[in-house]
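A quick write-up on the structure given underneath.
Everything numeric in this text was worked out from a predicted model, so none of it was measured. Order of the sequence lines sets the chain letters (A, B, ...), proteins ahead of strands, with each chain counted from 1.
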Amino acid sequence: MEYDFRKIEKFWQQRWKETNAYKVDNPAPGEEKVKPKYYVLDMFPYPSGAGLHVGHPLGYIASDIYARYKRLKGFNVLHPMGYDAFGLPAEQYAIEHGIHPAISTEQNINNFRKQLESIGFSFDWDREMRTSDPMYYKWTQWIFLQLFQSFYNRKTNKAELIKNLIAVFEQEGNVSYQIPNSQFPIPVFSADEWNSFDEASKQNILMEYRLVYCGYGEVNWCEALGTVLANDEVINGVSERGGYPVTKKKLRQWYLRITEYAERLLEGLENIEFSEAMKEMQSNWIGKSTGAEINFRISGSDETLKVYTTRPDTIFGVDFMVVAPEHEILKKIVTEKHAEEVAAYIDYTKTRNERERMAEKIITGCFTGAAALNPFDLREIPVWISEYVLAGYGTGAIMAVPCSDERDFKFAKHFNIPITNIIGDKFNGEEANATKDAELENSNFLTGMLMEDAIRIMLKEIEDLGIGKRKTNYKMRDAAFSRQRYWGEPIPIVWRTARQTTENKLTAGGNGIAYPLDENELPLELPYMEEIKPAINGEGPLSNNKEWLYSPSTGGSWREASTMPGYAGSSWYFLRYMDPHNDKEFCDKRISDYWNQVDVYVGGTEHAVGHLLYSRMWTKVLYDLGYISFDEPYKKLVNQGMIQGSSRFVYRLVMKKQEGVDEDLKERITTPIFFSFKIFDKFKNGEINDEELMILVNENSGDRIFDLIPRNKVFYLDLNPIHVDVNIVDGVELNIKEFKKSKSEYANAVFILEDGKYICGTAVEKMSKSKLNTVTPIDPANPDNQDTIVVKYGADTFRMYEMFLGPVEQSKPWDTKGIEGVHRFLRKLWRLFYDEQKNLSRQGGSKIWTEEKETDAELKVLHKAIKKIEEDTECFSFNTAVSAFMICVNELTELKCSKKEILEPLLILLSPYAPHIAEELWNTLGNTNSILDVPFPKLNETYLVETTKEYPISINGRLRTTMLVASDASDKEIKKMVLENDVVKKWVNDKTIKKFIFIKGKMINVVV
RNA sequence: GCCCGGAUGGCGGAAUUGGUAGACGCGUCAGACUCAAAAUCUGGUAUCAGCAAUGAUGUGCAGGUUCGAUUCCUGUUCCGGGCACCA
């Protein structure tokens, strides 16, 4: 009987569904200790319209294998799947095509689900959830309220309820709980002051403490998308999604006060298993630096300029100061003489957006006329302005030490500011040297000291003299938490008009006070809107919906119209899977205590600084507030590599005109003409010219297409590479028939071949629809399409092939050329059970497996496989495990072993990788239970003991021969044997033996 | 510019703490079966020289440490990823 994978896979998928084979139960109260838990999680997908391509399942297959493996190992395994269903693309699609996001998202999810099911994943679909479901985002909003009603207590180092803070304010003001953002106009107040503040002022002050807060600040504004983006959503000055320009804009926005967690997010990295690369990306993003804030008095003024530096040891090398163009002090210190110039410079910097600054890297600046006094020797130091100093970092001002900082050096050179050298010959006058190892010169009382030591001494000195203090800074900023979009979670906030008071000018919202909705008003549902378009003033589409906006009309109140960002729902979803149907809480604490942290989290590196940081922070907040018992969500992270697309190109003949030519050249070449790759290559390298191209065309087409082309050098020929759908290319050979069908224009195209074939060019690129290089494992619209991999080879083959491709973490271009080998392996396995030639009934006489007693040789093959596959699966080395399966089946075939006692454990080993065939053959062997829940085979090392070993014998480290040695031979016997060996004798000749190296179990080396 | 990661046959990739480089698969060549094809099976396949035994070379490049280096050290080139005026 032959291996009919389609029938088998369909059958078992249906059976598993009927028997709820993948349903995972939460333990009943008191039963938590019965079975150990294991939580395997995939990063849930954004259900895009393009559906699943072969890159998506890579991580899902890896995690599925691991989950199934852990299940066999006796764990109660949670392995859920869901959808990150809110987001920009669905909304963009709605604007462009008029299809409501709820509808397109639903369709996309259905497609994803169908595709995922056909690959045979062990997801518990009862726990499926989507972030756009009101029953889910009810709790996202609920967590928002917790964040809103909490502050970070720097004394206890955790989040606490804001009402506790209010109680403190009423008793003692904020002397011991200072405002995190020092720019707030009322930095310190007493209890009496607090109690005398009006409601608006109180709320404004509290807003400065809340973990989500509304602020008025510079944000990344994307005009094309009509929304604000978080820092990590902006790549090189353009939006991550869509690549539109991003500018800085001052807007009212909600923020997540993640900066308060900077230190804990950094420390937490030490206790979780993330790759070093991933940890480093996170710690770079957090960007901790330690140093000091130092106050410089301004000469002839009461003002002081506070700077931040990590190198207080270089203070005698300060040649000038630089402040950011936005710095407040400028108003007070700029001299009359320079006022005009400074104003002009500030205006200039306002016209420059982020992108220009990044791209141009030109040195600009302006002298203020003011001078600061070095606090140690009272030397006068000129104060400059430059855009290279950022207002948002440190104090927005620096002390410039050109001999040890490259940017300061360039600035000094550009403006001819004299440079003081404090590091002697370590400074060559050509470039700055940021060393810490130099011995200080020209440095007053620090002269002769090592810089490294001077840093410590200066930190102490600065604090002792009261001219500054130690300071730790972080690059990370608070994350923008509102989006002016429709398709997201509504923010559960109502604004109420504030009485106009003196303090009210501090109001972030301009003319309102933000009040949270009551818990029992959740979910605040996203209203259905027929037309989705941005409102004026940068407000989101929801503010067009007046009915909704003013709906709980208690007079002068209106709803917050922006929605939450994409990362809101994904920040806590791993918790919801634990208790997905709970309508009383986001997750029962008893249940989250049981499932606890995600043991293995599988996903791509692209979320290194976004999603992973945010969800780590949310977890810490929920932990601080006592809702869960762990403060890191993911114990171990496995990053799957990206599967890149392998693009194919055809080269179309086009005519181009020389620059400056006005003549119209439309319709000169009406017939599409395509050249095979080799000809394109030669043409590109100048080995073939225009004329020869034309000859080729005329020879091949029969038509005289080129008669019309004037050869007056005004026009010239070129070959344009055009992406061609990889699915109609076999390797590199174009399927011309299919290609002609792909576009009506191509129906009568001419092809200039090489060796009778049309060969395409290739490139490895990101897999994307526009590059026509996406390959789907299964087409949801046409599930019987023979050209898709799952239909052609089966899900089991597909799963094993994706694993066989190489290490999971590694990125690699998609290529189907090896898939036959994996498929052959499964057939070969099948043939250990059935004679494929005899096509009898399923229970019939074609079966060849037996119940004979196994031999030692067979046991050795089996146990070798158990050892290798268990080890490899445990450490995610799935590619080598697949190869171990192949070796095992090859060896059993060679031994003609079809014995149940050997094959049965092998099937268990295989079931995580190829569950369908394993379950089928398990059933074939007469088992009535499912293979999903049987115990993993136990390794018995005694079968692996070798009585002899073939040792490599080297002379002077060069391999010359090998020798079979009994495992129990003594060193002396071995030496004798080796030296008597003919090959060894030949190489030793009459030389004396200097050394005899014998490493047991490894090798033998004779040194002469 | 800075910080990570990588480079192994025609291809994807294997190689415990330094110990037989190239497992496994693809491709390819030869053969068996077949009227033929498919499927399957057998054998070869790093490079060079040789009929062969065998020898030489070989893990990006140049050195070094070692009895022995894909593995460790120094320098260097190329590729991939991250960050990018963070004082």
Side-chain angles (χ1 to χ4, degrees), chain A residues 2 235-236 275-285 287-289 291 307-311 314 322 324 357-358 361 363 386-390 392-401 404-408 410-411 434 473-477 605-606 608-609 641-642 644 731 764 800-801 804-807 809-813 815-825 827-828 831 836-837 868 871 877 879-890 893 950-962 983 986 994-1008:
Chain A
E2 67 171 6
I235 314 278
N236 291 329
S275 68
E276 285 308 312
M278 193 57 81
K279 286 185 183 181
E280 194 157 312
M281 273 190 245
Q282 292 210 353
S283 51
N284 284 347
W285 185 262
K288 181 178 181 174
S289 77
V307 302
Y308 173 69
T309 180
T310 57
R311 298 296 301 276
T314 62
V322 188
R357 272 169 65 158
M358 270 196 254
K361 293 236 159 132
I363 298 165
S386 178
E387 58 182 340
Y388 85 87
V389 172
L390 307 174
Y393 183 77
T395 60
I398 61 155
M399 55 180 226
V401 184
S404 80
D405 183 283
E406 196 53 40
R407 293 154 302 176
D408 298 348
K410 284 186 177 148
F411 192 84
N473 269 326
Y474 302 90
K475 283 189 215 172
M476 184 168 66
R477 299 291 132 81
T605 47
E606 66 272 21
V609 290
M642 215 175 29
Q644 294 139 315
V764 171
M800 290 196 90
Y801 181 60
F804 189 56
L805 234 34
E809 327 76 72
Q810 201 168 302
S811 287
K812 50 229 152 190
D815 192 340
T816 45
K817 74 182 179 199
I819 199 164
E820 298 275 357
V822 175
H823 190 64
R824 242 170 255 163
F825 151 75
R827 302 260 305 265
K828 205 163 176 180
R831 287 201 301 273
E836 276 197 307
Q837 305 304 315
K868 177 80 177 144
E871 281 171 6
S877 181
N879 56 329
T880 52
V882 174
S883 124
F885 279 118
M886 291 172 169
I887 293 169
C888 179
V889 167
N890 287 347
T893 305
E950 191 183 33
Y951 277 86
I953 316 253
S954 301
I955 316 292
N956 289 341
R958 297 198 62 114
L959 180 76
R960 295 302 174 186
T961 186
T962 59
V983 180
K986 186 186 123 198
K994 288 187 193 142
K995 214 169 177 183
F996 185 87
I997 298 161
F998 169 64
I999 314 275
K1000 200 165 165 53
K1002 297 281 184 194
M1003 46 69 69
I1004 293 160
N1005 189 15
V1006 183
V1007 186
V1008 294

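- For rG12(B), the paired nucleotide is rC24(B), the pair qualifying as Watson-Crick or G-U wobble because both relevant distances are below 3.5 Å.
- Put simply, CG on L959(A) is 14 Å from C1' on rA56(B), counting in whole angstrom units.
- To the nearest 0.5 angstrom, K868(A) atom NZ is 7.0 Å from S883(A) atom OG.
- With a cut-off of 3.5 Å on both Watson-Crick or G-U wobble distances, the partner of rG43(B) is given as rC29(B).
- Across the protein-nucleic acid pair, K279(A) atom NZ and rG82(B) atom P stand 21 Å apart, rounded to whole Å.
- In this structure, Y801(A) and H823(A) have side chains that are not in contact, with every pair of non-hydrogen atoms separated by 4.5 Å or more.
- T880(A) comes within 4.0 angstrom of sugar-phosphate atoms only, judged by non-hydrogen atoms across all strands, and of no base.
- Comparing I997(A) and R824(A) by the nucleotide of RNA chain B that holds the closest heavy atom to each, the one mapping nearer the 5' end is R824(A).
- Using modelled atom types and a 3.5 Å distance limit, the side chains of Y951(A) and T961(A) yield no donor-acceptor pair.
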Applying side chain to side chain contact (heavy atoms under 4.5 Å, CB included) to K828(A) and N890(A), what does each step give before you reach the verdict? CA-CA 8 Å; K828(A) 205 163 176 180; N890(A) 287 347; 2.8 Å; yes

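- Of the C1' atoms belonging to rG18(B) and rC72(B), the separation is 8 Å, rounded to the nearest Å.
- Take the nearest nucleotide of RNA chain B for S883(A) and for D405(A): the residue whose nucleotide is more 5' is S883(A).
- rA52(B): no Watson-Crick or G-U partner with both key distances under 3.5 Å is found in any strand.
- As judged by a 4.0 angstrom heavy-atom cut-off over every strand, L805(A) is placed among residues touching the sugar-phosphate backbone only.
- Residue contacts for P813(A): at a heavy-atom cut-off of 4.0 Å it reaches no nucleic acid atom on any strand shown.
- One interatomic measurement links the two molecules: CG of N284(A) to C1' of rC83(B), which rounds to 6 Å at whole-angstrom precision.
- In terms of phosphate contacts, Y951(A) brings no side-chain nitrogen or oxygen within less than 4.0 Å of OP1 or OP2 of rU20(B).
- With both ends at atom P, the span from rC48(B) to rG9(B) equals 14 Å, rounded to whole Å.
- Across every strand in view, rC83(B) sits in a pair with rG1(B) that passes the Watson-Crick or G-U test at under 3.5 angstrom.
- The side chain of R831(A) lies closest to rC41(B), out of rG13(B), rC41(B), rC24(B).
- Using a 4.0 Å heavy-atom distance criterion, T605(A) is classed as making no nucleic acid contact.
- A donor-acceptor contact under 3.5 Å links the side chain of K1002(A) to the base of rU17(B).
- Looking at heavy-atom distances under 4.0 Å, K288(A) makes no contact with the nucleic acid at all.
- Across the protein-nucleic acid pair, R827(A) atom CZ and rU40(B) atom P stand 5 Å apart, rounded to whole Å.
- Considering only side-chain N and O atoms, R960(A) lies under 4.0 angstrom from the phosphate OP1 or OP2 of rA56(B).
- At the phosphate of rG81(B), neither OP1 nor OP2 sits under 4.0 Å from any side-chain N or O atom of S811(A).
- Distances shown here put a side-chain N or O of R958(A) below 4.0 Å from the OP1 or OP2 atom of rU57(B).
- Rounded to the nearest 0.5 Å, atoms CE (M399(A)) and CG (D405(A)) are 10.0 Å apart.
- Comparing the P positions of rA36(B) and rG25(B) gives an interatomic distance of 29 Å, to the nearest angstrom.
- Among the protein residues, N890(A) comes within range of the sugar-phosphate backbone only, with heavy atoms under 4.0 Å from sugar or phosphate atoms but none that close to a base.
- Among the heavy atoms of the strands lying under 4.0 Å from N879(A) are primed sugar atoms or P, OP1, OP2 only; no base atom is included.
- In this structure, M1003(A) CE and I997(A) CD1 are separated by 6.5 Å, a value rounded to the nearest 0.5 Å.
- Other residues, nucleotides and ligands contribute more than 12 heavy atoms inside 6.0 Å of the NZ atom of K812(A).
- Of the P atoms belonging to rA15(B) and rA7(B), the separation is 12 Å, rounded to the nearest Å.
- The side chain of K986(A) has rU54(B) as its nearest neighbour among rU54(B), rG25(B), rA87(B).
- Between the OH atom in Y308(A) and the CD1 atom in I398(A) there is a gap of 13.0 Å [rounded to 0.5 Å].
- Between the NZ atom of K410(A) and the C1' atom of rC85(B) there is a distance of 10 Å, rounded to whole Å.
- Within the nucleic acid shown, Q810(A) comes within 4.0 Å of sugar-phosphate atoms alone, with no base atom in reach, counting heavy atoms only.
- The phosphate of rG27(B) has neither OP1 nor OP2 within less than 4.0 Å of any side-chain N or O from K817(A).
- Regarding E280(A), its CD atom lies at a distance of 10 Å from the C1' atom of rC83(B), rounded to whole Å.
- Under the Watson-Crick or G-U wobble criterion, with both distances below 3.5 Å, rA7(B) is paired with rU77(B).
- Rounding to whole angstrom units, CD of residue E276(A) and P of rG5(B) are separated by 9 Å.
- Across all strands shown, R477(A) has heavy atoms under 4.0 Å from base atoms, whether or not it also approaches the sugar-phosphate.
- rU42(B) atom P lies 6 Å from atom NZ of K828(A), rounded to whole Å.
- Taking the P atoms as reference points, rC24(B) lies 15 Å from rC41(B), given to the whole Å.
- Comparing rA23(B), rG25(B), rA87(B) against the side chain of I887(A) picks out rA23(B) as the nearest.
- Backbone-only engagement by N956(A) is indicated by non-hydrogen atom pairs under 4.0 Å involving sugar-phosphate atoms exclusively.
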